[in-house]
Protein chains: 2
Amino acid sequence: MNEDVEGDRPQRAAKRPDEGFQGRRTTTLSDVARLAGVSIATASKALNGRAQVRAETRTKVLAAAEQLSFSPNGLARSLLSGRSGTVGLVTHDLEGRFSIPTLMGAEDAFGSGKVSVLLCDARGDSIREQHHIQALLGRRVDGLIIVGARPDPRPSLGNMPVPVVYAYAPSDDPQDCSLVTDNVGGGRMGVEHLVACGRTRIAIISGDASYGAAKDRVIGAQQALDEAGLELVGGQALFGAWTEDWGRGAMRGLLAKHPDVDAVLCGSDQIARGCLDALRESGREVPQDVAVMGHDNWEVLASNARPPLTSIDMNLEELGRRAAARLFEAMEGNPAHGIETIPCRLALRSSTAS
Amino acid sequence: MNEDVEGDRPQRAAKRPDEGFQGRRTTTLSDVARLAGVSIATASKALNGRAQVRAETRTKVLAAAEQLSFSPNGLARSLLSGRSGTVGLVTHDLEGRFSIPTLMGAEDAFGSGKVSVLLCDARGDSIREQHHIQALLGRRVDGLIIVGARPDPRPSLGNMPVPVVYAYAPSDDPQDCSLVTDNVGGGRMGVEHLVACGRTRIAIISGDASYGAAKDRVIGAQQALDEAGLELVGGQALFGAWTEDWGRGAMRGLLAKHPDVDAVLCGSDQIARGCLDALRESGREVPQDVAVMGHDNWEVLASNARPPLTSIDMNLEELGRRAAARLFEAMEGNPAHGIETIPCRLALRSSTAS
DNA sequence: TTGTACGCGTTATCAA
DNA sequence: TTGATAACGCGTACAA
């Protein structure tokens, strides 16, 4: 049991109380300095590319660092600089469809640089949210992104010691910085596309009326209809649930009462899938007889539909990237206020190709 | 522009060079100590519930901390303790279906306690993976979880300064600790369920043959068929793609050649959805005439199917939790080795209810 | 060009 | 019971 390995300074071996893993101490800057035969300060300057160091010395230090596979301790750096280089991302919809692209966008916008994302799932529970936020603040995150589960306003966190950006679900305080998808614009875009395809007998099968998203999309669609001088088939949008079942049932009812319908704008891709099924079973051809549009552009549903489904894409990744950008700006001292709306995008497939 | 706000110690105001946000310095332990009229050491003890402090003093300190809404600097703590209380989670499939539940399980297992998750998306790129790992190591994560995009073995990261656990995609080094889903067992479970439902003319429509998962599931199914003394309808499993289209086409072919088939085990829920469509259009009743099973238990596909789809659930959340647990053990000095397999679970719905 | 010394915010150890 | 002090690992004035 004599310590004849790693011959250098065995007397430190017993100093650390609680060596969880492998008992191998991580190498520090002073290890590098010692091996290179210089002071810690010089080693630091050499490694950080400071100018005041002789080329030969720098080479020596770099070699030593390489040999010891030195990696500077970010915690120590952060402690010194006052910024941790991390942001907290608290999501309320990790299992769901909406937070993931947002998260990807944010991770994307940060990832390349020197910022890492600490992820927490609060699952719609404000107690848990508070808990996570305290933990993140304790870790001295430089900022927070709060991702909601649905686009309805949520209570503000109030004054926080770091900048906060709300994504998908806006804060109810207009002083906060929020980013949301443009549901009104999405609905409008849907109708405009159908009109451009030459449709005039348009119906809307929306989702759960308790969601602001459902109503907003209908509002936008109605605006576009008005501008085109068209009446909604059936007189009003149909509200129900975000399911295929609802889409099927509603479509059947619609066909029974208004067999001359030539386009259906759906509140989600799931609803649209139900519509497509009902139409096929009634013998209608899509898009020849009836055009169908979804919303969300959920790839697995839209691409695999028969025919593949034209859908409104909410640009969630862009929303995430933008949230990250806004947070970044706020961290630099230029906070934005109010609600910023990210425009939708048309994902064109065959279900409307006129 | 006189500083007559926050009256306390304005002379420090100009000390910090780079006040990104609000110019408000975060309160430190020494602020608390000063306000409470005690030393830093005493304040620390009081806040951490150490015994050697008078009750009255503790109250005083607690009050001061409360008043200043003090939150201890985790970075300083970590620097001292040598553990950051964070783990890095590198995923290769953030947009996909499999990493999210795994991630949730891991977040769940850690989240309640004192560990936070740093998330990185490497997108299947080993360069990016290496980059992220270096960044995480620089942040002194206490461990790493590597989540693959599919269950085929992947190259080991080799010796790392912290414990590593591989989830979903195992490492090719048996000395590493990996957790995977039981694809063989899942296939077996599928056939056993169909046999228990009284089916004897079973066919298999699998996915992309280049995936180990596709082949493994078939192997397990074949074992169960052998044990039941049954022959596979068509003599062999059909391989194709992970799409509804493939499921539809394959099912049609199957019905043409083997109209007496009474059960189909599918390689995924998407494939199963295609099967169901083809069966319905051929006039077959599910499950009366033909039972159909999926794999993955992808809620949005399985629950909304007609009829709702029985599926094999891979227990990915459990896999994530287990990965977190194994990582935790390794961090405590008890690393596990080899590949651990998480059993599947039957998600029973109407498409097989005999 | 190099080295010394200080501070970042905590906790633990000792002495008072 | 309390307080001064030494770490933790690094960057950076300042002195040599």
Side-chain angles (χ1 to χ4, degrees), chain A residues 11-12 14-19 25-61 64-65 68 70-85 114 137-140 142 161, chain B residues 12 15-19 25-61 64-65 68 70-85 114 137-140 142 161:
Chain A
Q11 77 272 18
R12 294 213 61 167
K15 275 301 285 290
R16 302 180 71 79
D18 155 46
E19 295 285 356
R25 206 175 57 85
T26 73
T27 84
T28 133
L29 183 56
S30 79
D31 295 331
V32 175
R34 198 182 313 128
L35 179 58
V38 299
S39 76
I40 304 182
T42 309
S44 172
K45 289 172 200 158
L47 290 172
N48 293 334
R50 290 274 165 283
Q52 328 107 336
V53 48
R54 207 173 50 188
E56 187 192 348
T57 317
R58 166 162 297 140
T59 319
K60 221 165 40 181
V61 173
L68 299 175
F70 167 74
S71 140
N73 187 325
L75 296 137
R77 282 184 155 171
S78 301
L79 186 55
L80 206 48
S81 70
R83 1 194 63 196
S84 65
K114 318 203 64 49
L137 256 25
R139 293 193 191 300
R140 290 299 185 267
D142 298 328
Chain B
R12 294 214 60 168
K15 276 302 286 286
R16 302 180 71 78
D18 151 48
E19 295 286 355
R25 205 175 56 87
T26 73
T27 84
T28 129
L29 184 56
S30 79
D31 296 330
V32 176
R34 198 181 316 128
L35 180 58
V38 297
S39 76
I40 305 183
T42 309
S44 172
K45 289 172 201 158
L47 290 171
N48 293 334
R50 291 274 166 283
Q52 328 104 335
V53 47
R54 209 173 48 187
E56 187 191 347
T57 318
R58 165 160 298 141
T59 319
K60 222 166 38 184
V61 173
L68 300 174
F70 167 75
S71 140
N73 187 325
L75 297 133
R77 281 183 159 172
S78 301
L79 185 55
L80 205 48
S81 70
R83 3 192 60 196
S84 65
K114 319 206 63 52
L137 257 24
R139 290 199 153 61
R140 290 302 185 265
D142 297 329

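In what follows, chains are A, B, ... by sequence order, proteins preceding strands, each numbered from 1. Just so we're clear, the structure is a prediction, and the values are computed from it rather than from any experiment. Below, all heavy atoms of this structure are taken into account, side chains as well, without hydrogens, waters or symmetry copies.
- Listed nucleotides dG3(C), dC14(C), dT1(D) differ in distance to K45(A); the shortest reach to its side chain belongs to dG3(C).
- Of the inter-residue distances, the one linking S84(B) atom OG with L79(B) atom CG reads 11.5 Å to the nearest 0.5 angstrom.
- The interatomic distance linking L79(B) (CG) with dA7(D) (C1') rounds to 9 Å, in whole Å.
- In this model, the phosphate group of dA12(C) is approached by a side-chain N or O of R50(B) to a distance below 4.0 Å at OP1 or OP2.
- Applying the 4.0 Å criterion to OP1 and OP2 of dC10(D), one finds that S30(A) has every side-chain N and O outside that range.
- The CZ atom of R58(A) sits 9.5 Å away from atom CG of N48(A), with the distance rounded to the nearest 0.5 Å.
- Nucleotide dT11(C) holds its P atom 8 Å from the CG atom of L80(B), rounded to whole Å.
- Within the model, atoms CZ of R77(A) and CZ of R139(B) stand 10.5 Å from one another, a figure rounded to the nearest 0.5 Å.
- One interatomic measurement links the two molecules: CZ of R83(B) to P of dC8(D), which rounds to 17 Å at whole-angstrom precision.
- Among the heavy atoms of the strands, none lies under 4.0 Å from S78(A).
- Across the interface with DNA chain D, nearest-nucleotide mapping of G74(A) and S39(B) shows S39(B) to be the residue nearer the 5′ end.
- For R77(B), counting side-chain heavy atoms from C-beta on, the closest listed nucleotide (dT11(C), dT1(C), dG9(C)) is dT11(C).
- Taking atom NZ on K114(B) and atom C1' on dT10(C), their separation rounds to 15 Å, with Å as the unit.
- For the side chain to side chain contact (heavy atoms under 4.5 Å, CB included) with F70(A), the lone residue among D31(A), V61(A), L47(A) that qualifies is L47(A).
- Within the nucleic acid shown, S44(A) comes within 4.0 Å of at least one base atom, counting heavy atoms only.
- In this structure, the CG atom of N73(B) is 7 Å from the P atom of dG9(C), given to the nearest Å.
- Taking OG1 from T42(B) and CD from Q52(B), the interatomic distance works out to 10.0 Å, rounded to the nearest 0.5 Å.
- Between L68(B) atom CG and dG9(C) atom C1' there is a gap of 15 Å when expressed in whole angstrom units.
- Nearer to the 5' terminus of DNA chain D, by closest-nucleotide assignment, is the contact made by T42(B) (compared with the other of T42(B) and A76(B)).
- To the nearest angstrom, P of dG3(C) lies 14 Å from CZ of R34(A).
- Of the candidate nucleotides dT2(C), dT12(D), dT2(D), dT2(D) has the atom lying nearest to any side-chain atom of V53(B).
- Looking at which nucleotide of DNA chain C each of A51(A) and I40(A) is closest to, the 5′-most match is held by A51(A).
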Requested in this report: For the pair S71(B) and R140(A), evaluate side chain to side chain donor-acceptor pair (under 3.5 Å) and give the outcome as yes or no after the intermediate values.
Outcome: CA-CA 9 Å; S71(B) 140; R140(A) 290 299 185 267; 3.3 Å; yes
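- Distances from the side chain of P72(B) to the nucleotides dT10(C), dT1(D), dC10(D) place dT10(C) closest.
- Remark: S81(A) is not in phosphate contact with dC10(D), judged by side-chain N or O atoms under 4.0 Å from OP1 or OP2.
- If you take CZ of R25(A) and P of dG9(D), they are 6 Å apart, rounded to a whole angstrom.
- For T57(A) and dT2(C), the shortest distance from a side-chain N or O to OP1 or OP2 is below 4.0 Å.
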